[in-house]
Chemist: 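So that we are looking at the same thing, I have put the structure below in structure tokens.
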Amino acid sequence: MNEQQLLQVFAAILFISGFGTIAATKNLVKMIMGFQVMIWGVNLALFAGGLVNGQATLFSTSLVILSISVGASVEALALSLTILVFRKYGTLNPWEIRRLAH
Amino acid sequence: MILGAMLVGVTMVALMVRKLVWSLILLFYSSIVFGLLLMTYDAAFAGLFHIITFAGAVSVLFMVILMIVGGEALDAKDALGKANYFGMILALLAAIPLVILTSNFQPLPNRLSEQAQLSGLASQPDGPLGFLWLMRSWDLLLVVILVAAAMLGIMNLFSREGGGVEK
């Protein structure tokens with residue numbers, strides 16, 4: 001297994017961890033943390049896919065930068081929505097929020 | 001490789017630890033490790049951008065959220081219910097196409113390494129920082145537009161007229 005494939009395995013592990021956290025947790029803040037880790041996994045996969053002779057290409061670096069900014073923007077929006085939801089319902093449990101919303 | 005293993009290990013511990021404050025601290029640490037990992041492959045720009053964005057801005061956002069939410073978030077109970085095992089299996093299945101896709105991802109054949117491109121551009125009249133607008137015009141423009149859109153969205157969420165919380 002070369003270095004590129006190893007980084008891709010790390011990326012897959014990060015993605016699985018993030019997705020699993022989103023699926024398993026009952027806290028909105030922890031869900032956003034899982035989403036952040038998923039973004040890191042995608043970033044690492046994009047970066048590892050663009051390695052040539054152990055060096056990053058400009059193409060993959062640009063994709064990573066774009067992905068970082070998209071992820072950070074979405075996270076900021078999600079966190080602001082979390083504050084609004086907490087103010088309105090007083091809880092961060094998504095199941096409880098769903099129950100209160102009806 | 002060591003940095004990659006550190007990144008995966010610390011991130012998994014951060015997601016598994018129960019206290020959200022510890023999760024935040026460990027994610028802060030692992031975002032710095034991620035940035036260093038990118039830097040070791042001669043992608044200093046992406047690495048620094050990652051550290052500034054995630055270790056700087058996003059960590060502060062999480063900190064503010066924890067301060068506002070307080071005890072509610074700190075007493076989070078993350079019991080893995082039966083229904084959530086389906087989500088875990090789904091996560092494992094989602095990783096398979098990801099690995100296949102990324103293992104087939106090849107850079108365009110005529111592209112040089114970033115270092116070679118930068119050294120070539122350094123001799124141009126625009127100077128060493130010319131690459132910022134010469135070769136990255138589209139993605140940097142998209143970055144600016146996305147960050148501006150996110151800021152507008154947040155301002156709209158918290159404005160009195162635009163869908164704020166009813167009191």
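It should be emphasised that the depicted structure is a prediction, and the values quoted were computed from it without experimental measurement. The chains referred to below are lettered A, B, ... by the order of the sequence lines, with proteins before strands, and numbering in each begins at 1.
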Chemist: Among B:L7, B:I68, B:T11, B:V64, single out the residue with the greatest number of heavy-atom pairs under 4.5 Å to chain A.
Modeler: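 Option with the top pair count is B:T11.
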Chemist: Heavy-atom cut-off 4.5 Å, strictly under: side chain, backbone, both or neither for A:I32 against chain B?
Modeler: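 Backbone plus side chain of A:I32, per the 4.5 Å heavy-atom cut-off to chain B.
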Chemist: Give a yes or no on whether the backbone of A:I22 and the side-chain of A:T25 come within a donor-acceptor separation of less than 3.5 Å.
Modeler: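 Such a contact is absent between A:T25 side chain and A:I22 backbone.
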Chemist: Using atom types as modelled, flag every donor-acceptor pair under 3.5 Å from a side chain in residues 21-38 of chain B to any protein atom, sequence neighbours excluded.
Modeler:
{"from": "B:S23", "atom 1": "OG", "to": "B:A14", "atom 2": "O", "distance (Å)": "2.8"}
{"from": "B:S23", "atom 1": "OG", "to": "B:K19", "atom 2": "O", "distance (Å)": "3.3"}
{"from": "B:S30", "atom 1": "OG", "to": "B:L26", "atom 2": "O", "distance (Å)": "3.1"}
{"from": "B:S30", "atom 1": "OG", "to": "B:L27", "atom 2": "O", "distance (Å)": "3.1"}
{"from": "B:S31", "atom 1": "OG", "to": "B:L27", "atom 2": "O", "distance (Å)": "3.3"}
{"from": "B:S31", "atom 1": "OG", "to": "B:F28", "atom 2": "O", "distance (Å)": "2.6"}

Chemist: Are B:M67 and A:F86 in one and the same hydrophobic cluster, where Ile, Leu, Val, Met, Phe, Trp and Tyr link if side-chain heavy atoms are under 4.5 Å apart?
Modeler: no
Chemist: Check whether A:T21 reaches the backbone of A:S17 with its side chain - one donor and one acceptor, N or O, closer than 3.5 Å.
Modeler: yes
Chemist: For chain A, which residues from residues 50-57 of chain B lie under 4.5 Å away (heavy-atom distances)?
Modeler: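 Answer by number: B:H50, B:T53, B:F54.
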Chemist: Counting only heavy atoms closer than 4.5 Å, note whether A:I68 contacts chain B via side chain, backbone, both or neither.
Modeler: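 Backbone plus side chain of A:I68, per the 4.5 Å heavy-atom cut-off to chain B.
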Chemist: Under 3.5 Å, side chain of A:K30 to main-chain N/O of B:L20, donor-acceptor pair present?
Modeler: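 Absent.
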Chemist: Could you pull out all residues at least two apart from B:S59 that satisfy side chain to side chain donor-acceptor pair (under 3.5 Å)?
Modeler: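 Per chain and number, B:S59 pairs via side chain to side chain donor-acceptor pair (under 3.5 Å) with no residue.
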Chemist: Tell me, for A:F10 versus chain B, whether the close heavy atoms (under 4.5 Å) come from the side chain, the backbone, both or neither.
Modeler: both
Chemist: How many angstroms lie between CD1 in A:I16 and CE in A:M38, if you round to the nearest 0.5 Å?
Modeler: 11.0 Å
Chemist: Mind checking what makes side chain to side chain contact (heavy atoms under 4.5 Å, CB included) contact with A:I97, not counting sequence neighbours?
Modeler: A:L28, A:V85, A:Y89, A:T91
